[in-house]
Amino acid sequence: MFNRRSLMKVVGLTAVAAAAPAAAAQATSPAAAPAQALDVSRLPREQVELVAPPFIHPHEQATKAGPKVVEFRMVIEEKELVIDSHGTKVQAMTFNGSVPGPMMVVHEGDYVELTLVNPATNSMAHNIDFHSATGALGGGELTLINPGEQVVLRWKADRTGVFVYHCAPGGPMVPWHVVSGMSGAVMVLPRDGLKDEKGQPLKYDRAYYIGENDFYVPRDAKGKFKTYDSPGDSYADTVEVMRKLTPTHVVFNGREGALTGKNAMTAKVGERVLIVHAQANRDTRPHLIGGHGDYVWEAGKFANPPQRDLETWFIRGGSAGAALYTFKQPGIYAYVNHNLIEAFELGATAHFKVDGTWNDDLMKQVSPPGPIGPTKTGAVSPLKPTGKH
Amino acid sequence: MPSYAVTVTVAAAGAAAMLFTAIAAARPPDIPPAPDLLVSLPPGTFQYRVAGDFNREGRPVNAPLRTVRIEAGLSIMKTEVSAADYDRCVAAGACAPRADGEPGRADLPVVGVSWQDATAYAAWFSARTGERWRLPTDAEWAYAAGSHFKDDAIARDDGAGAVSERWLARYDQEWEQQGFDRRVRPHGAFGANERGIIDLTGNVWEWTNTCFLRQGLDATGEAAGPRTVNCGVRVVAGEHRSYVTDFIRDVRAGGCSVGVPPANLGFRLVREEGGFLAGLATRLRRILGRNA
């Protein structure tokens, strides 16, 4: 059995994958020459296999090598997905089969070369708009492909940060494709890695990528969620719900409960965990219940110093943010959209399971719950049944 | 001091049973005769993991295991109350309507009901049948569940570990047991136990009458020290035990944001045997009330 968890562990400065040292030596440093002077055809190339979220493909956090061309391949897949525990289904559109689409990680100055495939089994044209790319509507203008076609797009990662990508096939198709699942994220790391507000290096022991999606599922006359045979069949009803701007589901990683229970994210006390949060369409406000954001790039761009010790951070719709946290206490943590109605009623809740030794200094239950003592003030009466409704 | 003994009303005398049978025969046509509706369990003794939160020297520990005697046996519904049955109570104006607007099906258990709803149904059903029906206690449910009862004690319980260890262990244990699919399945989909009782550990949890208890224990596991009983929160039994506020119909998440919530809330009833005189009185009241 392929162990996805083995892929989430990101190792400090250890080189990964096939970065060929010989080729890297020929590369020109971006600082030494203007971009136009780089002969991209002479740069080393690396093929990276994408992994499904919340995991991120192995990568270096900092690199001494020169720029390279990083090749990714994504296959667009239209398919029915179950998005909650009631079995509600949507006609989803996906990058590489997952909602959200996989995360791509490169370093500033690298080139992303994406082969985007739209199999003949799909029913619609699709494309991709990278917020991290410059020109042609983020590449959307150059990547519109019909079923049975593929396209190769290369763009230069000329700025650092975490960024959204999404499908944007024109007009009313744009929001519909996005809320049907077609969004993902890119992380462009500084070549020398992340830094704190004083310029000191920051490293992480694990990284998770949480994509948040808002779904707008039509209901029938009796209030039950409707199902459709194809995306096209669902379009008119779905747009009607979308225009009310009130999602029926707000979920992490494509479905209610996708990151809880057996799929809860894990960490150990003392580990530094980078949490990337992307939302392509709608504002959100991540909060780690029982923890904090030690260093938070709320707008997600690493050229700006991170904010310190945040309780909740704001991710603007159409952007990604990143938070770095060192877990200090074992137990279960809920990672939520702290619009708590969205967290508990609509689905935007994930869990971290953290192993380690409890620190009584940070928190201790001095006296367990029990009857109110004579010296204490205040009175609590147990809830009483209130009779019939 | 708490008493864990469970007593069930003494069985009826023979002559009384005849009268009882006569009353039962007159029950409304949509209610099946008792042998189809009920499973009757003989008196018995079993090991019962008490429901509630227990602590020793200020640390959470497993609930004590008690030997419990079900003195007079137990008559419990073979299946959970169906949506169609519940809707009859709604139609009679005695139960709150379900959120689901669909007509209730006879082959599906009713879900999305609170303890208050279930209790209202028991009162209506009692009046309708002239018998005494109520929710089971958690101990009665456990007795009926037999091998399908899931002990919620966690393996490591020396009281020395930190709160977080218990917490993590319980989290894993509950998720290990519970599937994620909340879609309600027809009666029988989750099988029967050795006593022929159906769907005890499916994805519908069942309300009991047992109140939430918090209790200190001494070194020998006997109740000692502070004790709190909160009857605004009742025990719900099923795949794992849970504690739910009595007016809640749909548990979205556990009290601490991370517990594993019951997928659906439903119920089944037990019939108190030997209460024929009380039953007769109820039935007479109902008849008189109808004529008035």
Side-chain angles (χ1 to χ4, degrees), chain A residues 82 84-88 220-224 255-258 260-264 269 289-290 329-336 340-341 343-347 349 351-360 363-373 380-389, chain B residues 53 55-60 94-97 99-102 114-117 119-120 123 161-168 170-172 174-176 178-184 203 211-212 214-216 225-234 245-247 252-253 256-260 263:
Chain A
V82 173
D84 65 23
S85 55
H86 296 284
T88 303
D220 64 19
K222 289 171 178 164
K224 287 216 180 307
R255 67 173 282 175
E256 175 201 351
T260 61
K262 289 166 195 164
N263 300 316
V269 168
I289 302 178
Q329 204 73 297
I332 308 289
Y333 291 74
Y335 178 90
V336 300
L340 295 171
I341 301 163
F344 291 93
E345 295 289 333
L346 301 188
T349 297
H351 291 164
F352 278 95
K353 275 171 53 182
V354 180
D355 289 324
T357 305
W358 183 262
N359 181 343
D360 272 341
M363 184 179 283
K364 183 174 170 60
Q365 188 179 51
V366 177
S367 161
I372 300 165
V380 178
S381 57
L383 279 173
K384 291 202 174 72
T386 53
K388 274 199 346 183
H389 298 270
Chain B
D53 269 10
N55 54 78
R56 189 167 59 232
E57 291 166 5
R59 291 180 179 279
C95 287
D100 179 357
E102 299 278 322
S114 68
W115 178 88
Q116 295 179 3
D117 296 333
T119 301
V163 173
S164 59
E165 288 175 37
R166 262 194 95 73
W167 194 14
L168 285 163
R170 186 166 300 287
Y171 185 85
D172 286 345
E174 291 185 357
W175 280 103
E176 191 56 45
Q178 184 172 349
F180 190 70
D181 199 332
R182 296 174 61 174
R183 278 172 288 185
V184 179
N203 64 4
C211 299
F212 175 78
R214 198 195 304 281
Q215 174 70 66
R227 164 185 170 86
T228 310
V229 176
N230 179 3
C231 289
V233 171
R234 302 281 172 155
T245 302
D246 65 359
F247 58 82
R252 292 286 186 182
C256 299
S257 302
V258 293
V260 183

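These figures come from a predicted structure and were not determined experimentally. Numbered from 1 within each chain, the chains take letters A, B, ... in sequence-line order.
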Return the option, out of A:Ala343, A:Pro369, A:Gly356, A:Gly370, with the maximum number of heavy-atom pairs under 4.5 Å with chain B. A:Pro369
Taking only Lys NZ, Arg NE, NH1 and NH2, and the carboxylate oxygens of Asp or Glu, determine whether B:Asp172 and A:Lys353 approach each other closer than 4.0 Å.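 Judged by the 4.0 Å cut-off on N to carboxylate O distance, B:Asp172 and A:Lys353 do form a salt bridge.
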If you round to the nearest 0.5 Å, how far is CG of A:Asp220 from CD of B:Glu102? 7.0 Å
Side chain, backbone, both or neither: which part of A:Val354 has a heavy atom under 4.5 Å from chain B?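 For A:Val354, the contact with chain B is made by the backbone alone.
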Region of A:Gln365 that comes under 4.5 Å of a non-hydrogen atom in chain B: side chain
Would you say B:Tyr171's side chain and A:Ile332's backbone share a donor-acceptor pair under 3.5 angstrom? no
Grab the two heavy atoms, one from A:Pro371 and one from B:Arg227, that are nearest each other, plus how far apart they are. CG-O, 3.5 Å
Student check: side-chain heavy atoms of A:Gln329 and B:Ser164 closer than 4.5 Å: no
